[in-house]
Amino acid sequence: MASVERDQIRIRLAGKGGQGIMLGGAILAEAAMLDGLRVAETQEYGPEARLGATKADLIISNRQIAFPEVHKADFLLCLSRPAYLRYAKTVAEDGLMIAEKILREEMGDSPNVVYLPLRASALSLGNELYTNIIGLAALAAFSGAVTKESLENSVRSRVKAETVLANFAALDLGYKLAEEADSSRLVSAAASKLSR
Amino acid sequence: MASVERDQIRIRLAGKGGQGIMLGGAILAEAAMLDGLRVAETQEYGPEARLGATKADLIISNRQIAFPEVHKADFLLCLSRPAYLRYAKTVAEDGLMIAEKILREEMGDSPNVVYLPLRASALSLGNELYTNIIGLAALAAFSGAVTKESLENSVRSRVKAETVLANFAALDLGYKLAEEADSSRLVSAAASKLSR
Amino acid sequence: MNTLTIKLGEKAPQRIGAETVVRYEQNGASLTLRRKYCKSCVLCVDACPAKILQLDQDDLIYVTDISKCVFCGACAGRCPDFVFIVDSGKGEK
Amino acid sequence: MNTLTIKLGEKAPQRIGAETVVRYEQNGASLTLRRKYCKSCVLCVDACPAKILQLDQDDLIYVTDISKCVFCGACAGRCPDFVFIVDSGKGEK
Amino acid sequence: MPRLGLDVDQYLRTQVLPTVWCPGCGNGNTVEGLATAFARMDVDPTQVVVVGGIGCSGRTPFYVKTNAMHTTHGRALAYATGLKMAQPKLTVVVTMGDGDALAIGGNHFIHAARRNIDLTVILYNNGIYGMTGGQEAPTTPLGSRTTTSLTGSIERTFDTVEIALAAGATYVARTTTFDMQEIPLRIEEAITHPGFAVVEVLSQCPTYYGRLNQIGDTTDMLVWERDRTEGLPVKMANRQELLGELKTGVFRNEKSVEFTKAYSDLCARVGGSYGLS
Amino acid sequence: MPRLGLDVDQYLRTQVLPTVWCPGCGNGNTVEGLATAFARMDVDPTQVVVVGGIGCSGRTPFYVKTNAMHTTHGRALAYATGLKMAQPKLTVVVTMGDGDALAIGGNHFIHAARRNIDLTVILYNNGIYGMTGGQEAPTTPLGSRTTTSLTGSIERTFDTVEIALAAGATYVARTTTFDMQEIPLRIEEAITHPGFAVVEVLSQCPTYYGRLNQIGDTTDMLVWERDRTEGLPVKMANRQELLGELKTGVFRNEKSVEFTKAYSDLCARVGGSYGLS
Amino acid sequence: MSPTPGANKQRLVMGNEAVALGAIAGGCDFFAGYPITPATEILEEMGKMLPARGGVFLQMEDELSAIAAVIGAAWGGAVAMTATSGPGFSLMQENLGYASITQTPCVIVDAQRGGPSTGLPTLASQGDVMQARFGSHGDRPTLVITASSVNDCYESTALAFRMARKHRLPVVLLIDAVVAHMREPVELPPPPPPQKASYPKIEEDTPRFGDVPFVPFGHGPVTVVTGLSHQANGLAETQRGVHTEQMMRTTIQNILSDPEIRRSWVSAYQLDDAEIAIAAYGITARSAREAVDVLREDGIKAGLLDLKVLWPFPNQILRETADKVSMIVVPELNLGQIVLPLKAAVEGRAEVHSLNLADGTLLTPEDIAEFSAKQRKSTKEAANA
Amino acid sequence: MSPTPGANKQRLVMGNEAVALGAIAGGCDFFAGYPITPATEILEEMGKMLPARGGVFLQMEDELSAIAAVIGAAWGGAVAMTATSGPGFSLMQENLGYASITQTPCVIVDAQRGGPSTGLPTLASQGDVMQARFGSHGDRPTLVITASSVNDCYESTALAFRMARKHRLPVVLLIDAVVAHMREPVELPPPPPPQKASYPKIEEDTPRFGDVPFVPFGHGPVTVVTGLSHQANGLAETQRGVHTEQMMRTTIQNILSDPEIRRSWVSAYQLDDAEIAIAAYGITARSAREAVDVLREDGIKAGLLDLKVLWPFPNQILRETADKVSMIVVPELNLGQIVLPLKAAVEGRAEVHSLNLADGTLLTPEDIAEFSAKQRKSTKEAANA
Ligand SMILES: Cc1ncc(C[n+]2csc(CCOP(=O)(O)OP(=O)(O)O)c2C)c(N)n1
Ligand SMILES: Cc1ncc(C[n+]2csc(CCOP(=O)(O)OP(=O)(O)O)c2C)c(N)n1
Ligand code: SF4
Ligand code: SF4
Ligand code: SF4
Ligand code: SF4
Ligand code: SF4
Ligand code: SF4
Ligand SMILES: [Mg+2]
Ligand SMILES: [Mg+2]
């Protein structure tokens with residue numbers, strides 16, 4: 001990975017309250033930190049965030065990060081309908097959205113959206129709550145923002161001990177979904193942003 | 001009375017809480033107003049004023065009054081010991097203090113103090129509460145700041161109807177005390193201030 | 001809001017949009033669901049004596065079999081989100 | 001504060017300064033007045049069973065006749081201004 | 001079954017639904033109860049003001065289609081007092097959370113009760129601060145976990161009913177979202193009562209209180225609510241019997257001079273004609 | 001006869017006497033009572049803090065020769081709570097006027113009571129705002145004249161005892177300056193009591209309450225005070241009997257978990273060592 | 001300013017009393033307050049006057065509730081005010097912000113005393129001048145009026161009500177302990193008969209917030225009022241406060257261009273040919289006026305710029321003044337407050353010198369004259385050196 | 001500012017958490033607060049840490065009591081703090097003044113959100129900047145520190161405690177919703193072991209107030225503390241507050257000459273050869289920094305003056321900066337606040353342009369760069385015209 005040449009990757013995780021967006025943001029940020037990168041993570045707060053669309057923004061960079069919010073995302077992970085409605089337009093022109101597959105039916109296809117069966121996969125692991133981790137892994141795969149190793153270490157430090165293995169399985173699944181879906185876009189999406 | 005030529009007379013009424021200093025200030029101010037003069041009256045407030053030394057300041061003038069407080073008084077009426085201790089030094093060099101006679105024993109004589117038996121006279125009228133009115137009349141006599149007519153009208157409007165006559169008697173007594181004590185200083189003290 | 005009426009015996013479509021109001025009818029009685037207010041809390045699911053309420057794949061409430069509904073109103077009483085309108089057809093006041 | 005002691009039978013001076021503490025004595029008992037705290041409220045005057053408390057011309061409290069004092073402490077109890085110290089001489093605790 | 005036969009919707013501001021509240025939150029039940037009471041009473045919405053404080057429950061005024069005043073944290077009753085005095089013919093209902101009413105707003109609560117001013121308080125007691133994310137409230141049951149008492153609360157618990165009674169409220173009732181059919185009845189009684197009326201609704205916060213205290217899912221919270229309360233015969237509860245227990249029912253329903261009335265009399269005495277007359 | 005045989009003076013800051021209080025004001029009697037209690041208990045003045053609010057009575061700390069903290073209007077109990085928690089071995093006595101404690105400070109009053117923190121409140125109840133010149137207080141007897149109720153107060157009156165009991169105070173007593181010998185006894189009991197203790201002292205304000213209500217001279221005010229109260233057997237008053245009357249006595253004297261103790265236990269539970277231990 | 005002496009219907013009135021009378025003249029029919037020196041007489045006067053007029057007088061449990069009741073009353077259709085001093089004004093700040101964001105017309109009087117904290121309760125200060133503008137969190141449009149005489153107290157209070165109602169905002173009247181308690185003869189019109197305020201008719205979809213008239217509850221279709229940022233219909237906008245920001249900017253502009261404000265902003269004395277301008281307000285402007293006379297007697301051309309409306313600050317007027325004089329002296333009873341916006345306005349066009357006192361006593365005419373003369377001398381010396 | 005990436009003991013920490021950790025590092029052993037977005041996590045973190053250290057954690061009934069408890073605790077010998085946001089900060093103003101007049105060391109954190117009133121509870125603003133200086137009635141010495149990164153939060157809090165204890169005053173740390181909730185990797189030293197603060201020995205007649213060390217209750221002879229103006233021995237002086245005024249002036253001087261303050265006052269970026277200085281603080285300084293890069297890429301010599309300590313305002317530094325540049329741009333998330341003292345300091349030495357936004361969103365680097373370029377262009381055009 002060309003982590004040394006790159007400048008910054010702007011990531012947005014979006015979903016609805018209860019989908020683990022905050023935790024996802026923290027995990028991804030910590031993974032970046034473990035990769036020796038700079039990172040700034042910000043989130044949406046408040047009652048609206050508990051129910052409706054909520055988001056976490058990350059800037060990952062190898063230089064000092066000044067402005068910490070994401071206005072146009074290189075990568076957007078989108079887990080729910082309200083999040084789609086609200087944040088789809090915040091993907092950068094050359095950015096990529098990774099969205100829950102159920103949404104395809106309503107939203108339809110478009111060139112910078114990849115739909116993945118995140119929820120179904122989580123249910124296949126026995127718990128819908130893994131949706132965010134699977135999505136995170138897919139995002140990591142597409143973006144190359146963090147290494148899988150760091151992502152695993154970060155997950156380990158942030159989830160309950162008894163769920164670590166299941167979460168690792170969720171990570172694997174996420175990487176696999178990404179590869180299967182559109183392996184041509186893996187990492188290269190990131191790389192394109194980084195060679196400024 | 002040379003009310004037209006004069007500039008301003010600075011008067012301070014001082015006593016302890018309960019001696020009617022506030023009322024005295026209001027009466028004198030209203031008398032000045034009735035005389036067609038300008039006047040600004042300020043008082044001391046607060047818990048300390050209820051018990052210890054308290055004062056009312058008046059500036060009486062035939063021109064617009066800017067600064068409303070008295071720093072050096074042309075005339076100081078002093079009814080009590082704590083007031084004497086605190087305010088004696090605020091009499092102007094060419095000013096006059098009219099003080100309760102009881103205080104003479106402790107404070108001694110000095111050229112710009114006239115001691116009058118205010119309290120004793122009030123008791124002679126049957127109520128110590130007339131002390132302030134008697135003092136006010138004496139001060140009016142010495143200063144020429146207001147006319148006796150206005151003073152009477154002002155008193156009438158500020159005291160209970162049933163006490164008007166007694167208060168008028170108190171006024172008369174005050175004028176008389178002043179005349180008897182040192183008629184040479186009557187009005188002229190004021191006049192000296194006014195011919196600036 | 002567009003309303004979709006489902007009469008006794010009719011089958012609901014595979015997927016009902018989130019914005020759609022569904023009105024189930026049974027012999028003059030009706031049960032109306034304003035699905036877009038639904039928050040998937042399942043309080044109604046637990047409360048329904050007929051066990052005919054479920055969440056669909058959009059996590060929104062629907063009726064599995066309106067023929068079993070007794071129009072008791074438990075769902076409406078328990079739902080904190082104004083989803084249900086229950087009309088037993090008996091014209092209560 | 002300078003203290004003026006007045007023994008049983010002695011007469012107080014015509015005028016006692018406001019700053020003066022007066023100590024009245026009667027057979028080993030004593031009544032001390034810190035006159036400069038006095039505010040002339042006459043609560044003690046009304047309370048004294050012996051009717052020996054009065055205000056002087058400075059409006060401060062004094063004892064007219066210490067021989068009549070019974071050292072009951074009513075004055076001290078009623079005075080809100082810490083003027084009195086009553087010592088019955090019996091060494092109570 | 002509050003809806004049967006009543007047009008409750010006319011008192012709901014449906015355009016802003018769904019509410020901001022979490023899935024399974026009890027607040028919606030109380031809003032439904034309030035709208036139902038309005039429907040039962042057939043009030044003119046332009047002559048009603050619902051005044052709310054700040055907190056999850058404080059958002060109530062947005063959802064009820066009457067006049068709405070969403071004020072500042074703790075001060076709703078002070079706003080309502082001014083409003084009621086200015087236009088005494090308005091019906092003024094004040095909705096507050098337990099923290100809002102009894103922590104920061106405790107003083108206004110006792111003083112409004114003291115004055116016996118004709119306001120109806122609906123106090124949503126979820127035993128926690130919902131809006132800010134699960135901190136301890138003065139109503140948090142002793143030993144409960146909150147984000148500011150992770151090892152269990154050590155602060156003693158206010159009994160809303162006791163405080164309201166001591167301060168002088170003339171109608172005081174408690175119910176729960178488990179007993180949701182009672183809510184509109186108590187609210188209607190309270191609004192009809194000419195004086196300061198308090199309806200405390202024990203309400204579930206599954207997101208914070210439930211989760212932190214591992215009570216289970218949303219329905220489990222209702223069961224827990226049922227289990228911790230025990231209904232009193234609704235007519236009138238004898239206060240003495242209650243000590244140490246969290247009962248529901250009506251604890252006082254008494255007439256006493258109402259404040260706008262007393263004020264109107266005062267004005268009349270000095271020659272003024274006040275809005276009531 | 002508080003002075004007999006006790007060196008009360010050692011607890012008076014005589015250098016600042018006379019007090020600012022009006023002739024005949026009852027506040028001095030309560031100060032004397034407090035100093036007497038200190039003398040009876042032989043306290044170390046450096047280990048005592050008298051915390052006062054703002055008001056005539058709030059000036060008390062200046063006159064008692066212990067540590068003194070003259071705070072802001074209404075907040076004395078909140079200051080005292082922080083102080084006590086920071087150094088739990090200090091004896092903290094809080095002196096407040098009725099307006100201070102129950103109008104602007106009502107919320108801190110009920111919350112300090114709720115926590116049962118080991119503070120002693122001496123509440124000077126003169127039924128009026130003395131310091132600001134005679135306005136209505138929440139304790140002003142109904143119908144009384146004040147400068148803000150010249151035709152007679154129409155606001156209902158707080159009963160300090162009821163509020164304190166409902167909020168959770170574990171020692172609650174009322175006495176008067178007429179019964180001045182009782183003051184130091186009640187104060188001593190309150191200070192000794194391990195928990196939140198309230199001593200309400202009904203006290204005369206001849207300058208405002210007396211003058212506005214034409215009660216007469218200073219001694220007449222004491223008589224009036226006697227007449228409006230009726231002592232209870234001091235041991236323990238049954239609350240129920242009191243409704244509608246202003247009795248004196250001890251209304252509650254109960255042990256319950258004290259807050260600094262509960263906090264100390266909490267610290268111990270999580271491995272910390274708190275000042276108490 | 002002062003009325004002609006000797007006129008017929010003169011009365012001796014205290015500043016606080018004049019505020020109360022001015023309020024009645026301004027249509028005030030609701031007062032809620034809490035006693036505090038030196039503002040208490042305003043409360044007491046309102047307590048005497050309002051019940052007899054069928055208006056509402058409420059003594060609340062504290063200042064937090066006093067201002068809350070005032071705002072609630074305004075939404076109940078009352079023309080409402082409160083009065084306090086520094087400690088109470090501090091307590092009102094949060095809800096003052098609520099009045100601003102909800103565009104609620106009301107008047108708050110702050111009779112300043114020495115601070116901080118309990119400070120010097122009976123003495124005068126000008127220590128709340130910046131607080132009146134910036135005391136509440138967040139931004140808001142502000143209008144702050146002062147008074148330096150009893151007659152001013154009357155006029156300024158009535159003006160405050162006119163502006164509050166016209167521009168839909170809380171207006172602050174700043175006086176001080178001396179002005180509040182000072183008695184001067186004034187000639188005032190009789191109080192108008194009680195009158196209920198009237199409001200325009202509105203429809204369901206009439207915007208309620210922004211540059212539109214104020215219509216309280218009960219006078220039309222239902223209204224939503226919130227302290228959250230909100231849209232024109234009152235409903236919250238919690239993701240981005242565009243409407244609220246716009247409302248604030250518009251109100252600020254409206255105030256700045258209000259002809260009555262522009263007329264009242266300052267009053268000048270001997271300023272035409274002045275080389276030194278003394279910029280002062282409130283009680284200090286009185287001393288400054290006398291200082292001008294003293295300085296002129298000593299041959300120094302001084303003039304007074306009496307700041308009657310402090311906020312919005314009269315930037316343009318100060319700039320113009322600065323262009324004409326060589327020095328501006330700013331005497332204040334604080335450690336230097338209004339001098340900050342003044343310097344910001346002047347932008348170096350003239351020297352600015354601060355004269356400050358914060359011990360509760362007044363700056364005397366002599367203090368100000370002496371200071372001005374001294375500054376002038378040292379500037380001259382510096383120029384000659 | 002930010003630690004070296006990839007270093008060993010880095011942790012991902014939220015701004016609010018860093019404030020709590022910085023407090024512990026600064027010796028804090030007492031916290032009293034009341035929850036409010038976006039400051040709540042400070043409360044929650046202190047609630048986790050303090051009991052385990054034997055310190056005191058108190059959730060009070062409101063913000064009025066929170067700050068009162070903090071001041072009471074300080075006089076009980078604790079090193080105490082509270083944390084809040086705008087609405088709570090408004091409620092604290094009265095008692096903040098008490099802390100000032102009684103010279104009580106303590107720290108108040110204000111995590112700013114959109115205002116006024118409830119405003120935009122979850123969004124960022126810089127609307128309390130002037131309030132932090134002028135929010136309380138009366139004058140008082142103030143020290144207000146900002147932070148724009150998680151690491152800053154830690155350092156600034158510790159600095160706040162050092163200064164509070166050294167100069168005996170309440171110190172305000174101003175952050176905002178974004179910084180408060182932002183997570184960044186930081187490398188922090190382990191928390192020091194719990195330690196009781198120690199105080200000098202004093203005698204009966206040792207002065208307790210003025211330029212003397214702070215000694216709490218129970219650590220020597222009895223002490224009198226009052227919010228009235230008072231003498232060095234603590235007893236009130238209600239007729240004239242000379243001692244208190246003197247104390248305030250001295251404290252202000254002491255802070256101004258404190259070497260640590262002087263060192264921390266500002267931090268410069270690319271300022272040496274700049275023709276445009278952007279003066280910014282907090283979260284906006286981050287945007288401004290990026291704006292400097294953008295402008296320089298476009299060939300415009302811009303530089304950043306990051307204001308780390310807002311009050312006392314760095315007048316001298318601003319004057320010197322103004323002498324070197326032709327224009328100062330002041331971007332703020334409010335309607336224009338710090339620009340006021342800045343203009344007052346600059347006194348016309350350079351053009352000053354305000355860029356303001358108060359809708360809860362951030363000014364982006366592009367916003368600032370664009371605005372600066374535009375101002376520069378119009379000035380150039382004016383000069384050429
Ligand atoms: C002055 C002030 N302090 C604090 C807050 C933050 N705050 C908002 S709601 C709330 C408490 C919510 O609890 P509660 O009143 O019980 O209502 P709930 O959310 O539980 O319904 C707090 C502390 C605020 N908005 N204003
Ligand atoms: C915040 C604030 N509001 C108001 C005041 C003015 N004030 C001082 S004391 C007081 C009330 C006094 O009444 P009370 O508490 O009953 O004490 P008392 O003087 O009667 O002993 C008031 C309103 C103040 N100092 N601070
Ligand atoms: S009305 Fe009764 S049976 Fe029908 S869906 Fe609702 S709860 Fe079930
Ligand atoms: S109770 Fe209401 S919100 Fe909950 S699942 Fe059922 S319909 Fe949806
Ligand atoms: S001790 Fe008793 S008898 Fe003696 S003076 Fe005092 S009250 Fe009178
Ligand atoms: S009771 Fe005390 S203050 Fe009152 S007159 Fe007697 S000695 Fe003086
Ligand atoms: S946080 Fe609790 S009270 Fe608030 S909406 Fe969610 S469940 Fe309801
Ligand atoms: S005003 Fe009343 S309470 Fe205050 S000192 Fe005077 S008598 Fe006592
Ligand atoms: Mg709650
Ligand atoms: Mg009182």
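Lettering follows sequence order; numbering is per chain, from 1. No hydrogens, no waters, no symmetry mates; every other heavy atom, side chains included, goes into these values.
- Nearest heavy-atom pair, A:Pro68 versus H:Leu362, reported as atom, atom and distance to 0.1 Å: CD-CD1, 4.4 Å.
- Residues forming a salt bridge (charged side-chain N to carboxylate O under 4.0 Å, His left out) with H:Glu366 (at least two apart in sequence, or on another chain): none.
- Interface residue H:Leu363: only backbone heavy atoms are found under 4.5 Å from chain A.
- Residue A:Asp57 holds its CG atom at 12.0 Å from CE of H:Met182, rounded to the nearest 0.5 Å.
- Within residues 110-122 of chain A, no residue has a heavy atom under 4.5 Å from a heavy atom of chain H.
- Of the inter-residue distances, the one linking H:Asp367 atom CG with A:Phe67 atom CZ reads 8.0 Å to the nearest 0.5 angstrom.
- Dense packing is recorded around CG of A:Asp109, with more than 12 heavy atoms of other residues, nucleotides or ligands lying under 6.0 Å away.
- The minimum heavy-atom distance between H:Pro185 and A:Leu37, with the atom names listed, is CG-O, 4.4 Å.
- Within a 6.0 Å radius of CD in A:Glu149, other residues, nucleotides and ligands contribute 12 heavy atoms or fewer.
- By the 6.0 Å contact criterion, NZ on H:Lys374 is open, its count of non-hydrogen atoms from other residues, nucleotides or ligands being 12 or less.
- With a 4.5 angstrom heavy-atom cutoff, H:Thr284 does not touch chain A via any of its atoms.
- Looking at residues two or more places apart in sequence or on another chain, you find a salt bridge (charged side-chain N to carboxylate O under 4.0 Å, His left out) between A:Lys176 and A:Glu180.
- Looking at A:Ile65, both its backbone and its side chain come within 4.5 Å of chain H, counting heavy atoms on both sides.
- A distance of 10.5 Å separates OG1 in A:Thr42 from CE in H:Met14, rounded to the nearest 0.5 Å.
- Each of A:Gln43, A:Glu30, A:Met33 was checked for a side chain to side chain contact (heavy atoms under 4.5 Å, CB included) with H:Arg183, and the lone residue meeting it is A:Gln43.
- Both the backbone and the side chain of A:Ala26 come within contact range of chain H, judged by heavy atoms closer than 4.5 Å.
- Taking non-hydrogen atoms and a 4.5 Å limit, the residue list of residues 285-293 of chain H in contact with chain A, ordered by number, reads H:Arg286, H:Ser287, H:Arg289, H:Glu290.
- No more than 12 heavy-atom neighbours from other residues, nucleotides or ligands sit within 6.0 angstrom of NZ on A:Lys101.
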